[in-house]
Amino acid sequence: MSLACRVLSACGRARLQKFCKISGISSISAYNRLVIPIASQNSVVFRQTPLTAVRTMATGGASSSGSRKGGKHKNRLAEEKSPYLLQHCHNPVDWYPWGEDAFKKAKKENKPIFLSVGYSTCHWCHVMERESFESEEVGKIMNEHFVNVKVDREERPDVDKVYMSFIQATSGGGGWPMSVWLTPDLKPIAGGTYFPPKDHMGRPGFSTILTRISEQWKNNKDKLIQQGNMVIDALKELSVSAVDSTATLPGQESVKKCLDQLDNSYDEEFGGFGHAPKFPQPVNFNFLFRVWSSMKGTPEAQRALDMALETLRFMAKGGMYDHIGQGFHRYSTDRTWHVPHFEKMLYDQGQLAVAYCDAYQITKDPIFADIARDILLYVSRDLSDRQGGFYSAEDADSLPNPGHKTKKEGAFCVWEADEIRNLLGEKLPHYDDMTFADLFAKHYNINRSGNVAFDQDPHGELAGKNVLIVRGSVENTAKAFGLEAAQVEEVLGKCRDILFKVRRKRPPPHRDDKMITAWNGLMISGFARAAQVLGEAQYLDRAVKAAKFVRKKMYDDSTGKLLRSCYHDPEMDRVTQIANPIDGFADDYAFLIRGLLDLYEASYNEEWVEWAAQLQRKQDELFWDSEGLAYFTVSGADPSVLIRMKEDQDGAEPSANSVSAGNLLRLASFHDDEGWRNKSVQLMTAFGARLAAIPLALPEMVSALIFYQQTPKQIIIAGNPRDRDTKALLQCVHSSFNPNKILIIADGKEHGYLYEKLKVLSTLKKVDGKATAYVCENYACSLPVNTVLELDELLSK
């Protein structure tokens, strides 16, 4: 865990405890001790801090989860669309979705609410379902004493964040499944994460906890209600104190401090930041690349670049990268990036595709381009709806083979040494006694007894299995076998193709086919950036298809509002929606706006800038706090969400506030709009105290701060984007890493959207009938150039 993680967690807990003490909540720690996550070897599976979720082990017991599995019970969740809720529709628990029906029942029957929050690819959510929610005995207790509510945290991040704040502040940790007990008016009174079903080693099991809380409700209801009210008041105070409208805009010192904090936690031997488990944290790469670009020629710039590139290289060689099926798993459970948590998330793929494109743009090392292509291949093949949207995730768990009834984590991805030897039996060139299997085993560290250490697999799910990892290099392998590197590459490619075909015959992991606007926005950025950097039309086509899908299926043209999600109906093979669609949150707007701006700079179709501007105005209307400044995560229209919180940290996903800070600066340059530029400054200033003290909490916002400090550089190309000379200039622009650029096409269509917004475009013409480039900063433009060499020199200044 990084320094920032520890500091934030301790501060959050201390502040809430201080508020509780002032408010007279003396027993919060007492009932928290009753139900905080239980630290047995099987139970504390996440330790969530405000920056990241930390999980001790990727495996931990069999899972039997499966979307839409049948059973003798059927509850209200059968009418839902969320894959996570559907996984629980045959539990004996009388589950309700989050909504008025559940709240009315709790008030009418005077029962507390048990709120269970998770997501469909969450391993320990599956475990708790199998152990407790599928139990007739446990279900009876839950139904008799509680109104039970299930929430998909990806569908309702607003609900998740309110109660996760309670868990984090009172216990110092958190994660999923999240288990919270509420009063009928939704105030939290107790909570934790995963609970084992039975008492063990003096620690209460889930059934015991349910019974105790039920007894407390009967005997001390008024006290619990009072304390629940005070907890919410304290959380509201914390939410207000997250930003400071009286702060000052930080300067270069925040950039330097953020770099120092990353440097202090950097793993010199294996890359990455902090100790095990290791997360990719793409926001860190964004920041480091921008430090390099803004401070070129300095030791700090070189250090930033080295840390980013080495981490990306180690990740691509490690087991966290799927060498056979492409794409990245969620995180590594160990320091060396070897044994992952095998879940794959769309938001990781989108952000990492951008990071590897950036790395290629800077270095021209083809390995980075290859990894970016592999990520996009995986998403196009396995996470794409035929109508254009992107699915959310793939599960870590699957059946080892069709005959098994119990799922295991990683079963789809791991290999036994004998399997490899039997499948890769072709003779190596120039060898009579060596096969492809020998070379493949050497290169990917395959051992006959398996290559996963016991301490990484305490439950034995990976015993005798191999997680592919490259410890050396193609050159090392070539030297060991007396072959040329090109020969080794060819053999390894053939081996991967063979194993891919075999693996496709295994039972696949569950896929969460929910489509989330925010994550689709991140993936649009991934494809759009690849189209720019790699110059391949297929990536642009895919980004455009996704943007059109979001506009058609996840946007209400009559109100100008985004929806949070839509769903794939596998029985009808169509996209569908729930009865009461969920309105979009701040991150849905922010991530999509960034995706649309990236898409414009790849397609030069100004409709994407125009839509981005419309969405930004709607985001400002719905979420901007004109008094405290910055964006709330929710609009405030849903009374069941008791607190309008402001996201003040970048984690696996950047915060909406951080992304918006950059979006506003880009939109200001596209529209010559000082209002948006000033709003970005206000936003960053509101987080000035955080940026000054712990900038590592907000590296994406520090990236926006660098953008602001450097001054956006408008690169305007006068010409038809379909003409050869215009394409040559555009290719020149995309060949170098210029993160503070604003690329605009002046195509001569003077009644177009951008011509109306940027009057300067009408004055910038082609010279000598050739496509011509202008580079403008601070309302002053360079002399026109119309050769690639001249433009390259201009951009390198």
Side-chain angles (χ1 to χ4, degrees), residues 82 97-100 103 117 151-165 185-187 232 235-243 245 514-522 550-551 553-566 577-596 611-649 653-661 663-664 667 675-676 679-680 682-683 686-687:
S82 158
W98 183 266
E100 280 301 315
F103 310 152
V117 181
V151 165
D152 181 338
R153 67 172 297 264
E154 297 168 351
E155 193 179 52
R156 293 300 304 259
D158 52 340
V159 175
D160 176 66
K161 286 174 183 175
V162 169
Y163 298 109
M164 184 58 72
S165 296
D185 57 355
L186 310 179
K187 311 293 176 60
I232 284 294
L235 287 173
K236 287 179 179 178
E237 289 288 339
L238 283 177
S239 179
V240 170
S241 65
V243 297
S245 60
K514 174 175 70 266
M515 288 164 274
I516 295 173
T517 298
W519 299 358
N520 272 253
L522 293 175
V550 173
R551 189 157 198 167
K553 298 292 186 179
M554 304 162 85
Y555 175 67
D556 186 336
D557 204 32
S558 65
T559 63
K561 292 182 180 180
L562 290 170
L563 300 178
R564 173 63 176 178
S565 53
C566 63
Q577 187 54 268
I578 56 178
N580 297 302
I582 301 165
D583 285 341
F585 303 105
D587 61 344
D588 294 303
Y589 287 82
F591 296 1
L592 180 58
I593 289 167
R594 181 162 74 176
L596 295 174
W611 190 28
Q614 292 169 358
L615 291 174
Q616 186 63 62
R617 285 189 284 270
K618 183 59 66 173
Q619 180 185 338
D620 295 346
E621 173 191 329
L622 294 174
F623 304 102
W624 181 254
D625 180 1
S626 58
E627 295 181 1
L629 308 182
Y631 292 101
F632 292 112
T633 58
V634 298
S635 68
D638 185 347
S640 72
V641 180
L642 302 183
I643 305 174
R644 294 185 76 188
M645 306 186 75
K646 293 176 182 175
E647 195 70 54
D648 62 348
Q649 61 212 17
E653 304 167 57
S655 72
N657 277 304
S658 293
V659 174
S660 295
N663 289 346
L664 289 164
L667 285 165
W676 273 332
K679 190 178 288 287
S680 177
Q682 289 178 321
L683 196 164
F687 291 96

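Sequence positions, counted from 1, serve as the residue numbers for this chain.
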Inset, instruction - Work out which heavy atom in Ala630 is nearest to a heavy atom in Phe687; give both atom names and the distance. - result: CB-CE1, 3.6 Å

Legend entry - Listed partners of Glu621 passing side chain to side chain donor-acceptor pair (under 3.5 Å), at least two apart: Lys618

Legend entry - Counterpart residues, ring pair (Phe, Tyr, Trp, His ring centres under 6.0 Å), relative to Tyr631 (two or more places apart): Trp624

Legend entry - Test ring pair (Phe, Tyr, Trp, His ring centres under 6.0 Å) applied to Phe585 - qualifying residues, sequence neighbours left out: none

Inset, instruction - Applying ring pair (Phe, Tyr, Trp, His ring centres under 6.0 Å), name anything that partners Tyr555, two or more places apart in sequence or on another chain. - result: Trp611

Inset, instruction - Return the set of residues passing salt bridge (Lys or Arg N to Asp or Glu O under 4.0 Å) with Lys514 (not counting sequence neighbours), or none when no residue passes. - result: Asp152, Glu154, Asp512

Inset, instruction - Return the set of residues passing salt bridge (Lys or Arg N to Asp or Glu O under 4.0 Å) with Asp556 (not counting sequence neighbours), or none when no residue passes. - result: none

Legend entry - Test item: Leu522 and Arg594 side chains (from C-beta on) under 4.5 Å apart, heavy atoms: yes

Inset, instruction - Let me know which of Ile232, Asp185, Leu235 forms a side-chain contact (heavy atoms from CB on, under 4.5 Å) with Leu642. - result: Ile232

Inset, instruction - Could you go through the side-chain contact (heavy atoms from CB on, under 4.5 Å) check for Leu622 and Lys561 one step at a time? - result: CA-CA 9 Å; Leu622 294 174; Lys561 292 182 180 180; 4.0 Å; yes

Inset, instruction - Show your working on side-chain contact (heavy atoms from CB on, under 4.5 Å) between Asn520 and Leu592 and close with a plain yes or no. - result: CA-CA 7 Å; Asn520 272 253; Leu592 180 58; over 6 Å; no

Legend entry - Euclidean distance, Leu596 CG relative to Phe591 CZ, rounded to 0.5 Å: 13.5 Å

Legend entry - Residues forming a side-chain contact (heavy atoms from CB on, under 4.5 Å) with Phe103, sequence neighbours excluded: Trp98, Glu100, Ile113, Leu186, Ser640

Legend entry - Pairing residues for Lys187 by the side chain to side chain donor-acceptor pair (under 3.5 Å) criterion, not counting sequence neighbours: Asn229

Legend entry - Rounded distance (nearest 0.5 Å) linking atom OG of Ser565 with atom CE of Met554: 6.5 Å

Legend entry - Lys553 side-chain N/O to Gln577 backbone N/O, donor-acceptor pair under 3.5 Å: no

Legend entry - Set of salt bridge (Lys or Arg N to Asp or Glu O under 4.0 Å) partners for Arg564, sequence neighbours left out: Asp587, Asp588

Legend entry - Donor-acceptor contact below 3.5 Å, side chain Tyr589 vs main chain Leu562: yes

Legend entry - Residue pair Val162 / Ile643: nearest heavy atoms and the distance that separates them: CG2-O, 3.9 Å

Inset, instruction - Apply the side-chain contact (heavy atoms from CB on, under 4.5 Å) test between Asp583 and each candidate in Asp158, Thr559, Leu563, Asp638; give the one that qualifies. - result: Leu563

Inset, instruction - Supply the atom-to-atom distance Leu667 CG to Lys679 NZ, rounded to the nearest 0.5 angstrom. - result: 12.0 Å

Legend entry - Flag side-chain contact, heavy atom, 4.5 Å: Gln614 against Arg617: yes

Inset, instruction - To the nearest 0.5 angstrom, please state how far the CD atom of Gln682 sits from the CG atom of Leu629. - result: 5.5 Å

Inset, instruction - Report yes or no: does Thr633 contribute a side-chain atom to a donor-acceptor pair with the main-chain N or O of Met645 at less than 3.5 Å? - result: yes

Inset, instruction - Could I get the full list of side chain to side chain donor-acceptor pair (under 3.5 Å) partners for Ser660, not counting sequence neighbours? - result: Gln619

Inset, instruction - Not counting sequence neighbours, which residues clear salt bridge (Lys or Arg N to Asp or Glu O under 4.0 Å) with Arg153? List them please. - result: Asp160

Legend entry - Between CG on residue Asn663 and OG on residue Ser658, distance to nearest 0.5 Å: 11.0 Å

Inset, instruction - Measure the shortest side-chain to side-chain distance between Ser82 and Arg156 over non-hydrogen atoms and say whether it is less than 4.5 angstrom. - result: no

Legend entry - Ala586: partners by side-chain contact (heavy atoms from CB on, under 4.5 Å), with sequence neighbours left out: Phe623, Ala656

Legend entry - For the student: nearest non-hydrogen atoms of Ala661 and Ser680, plus distance: O-OG, 2.8 Å

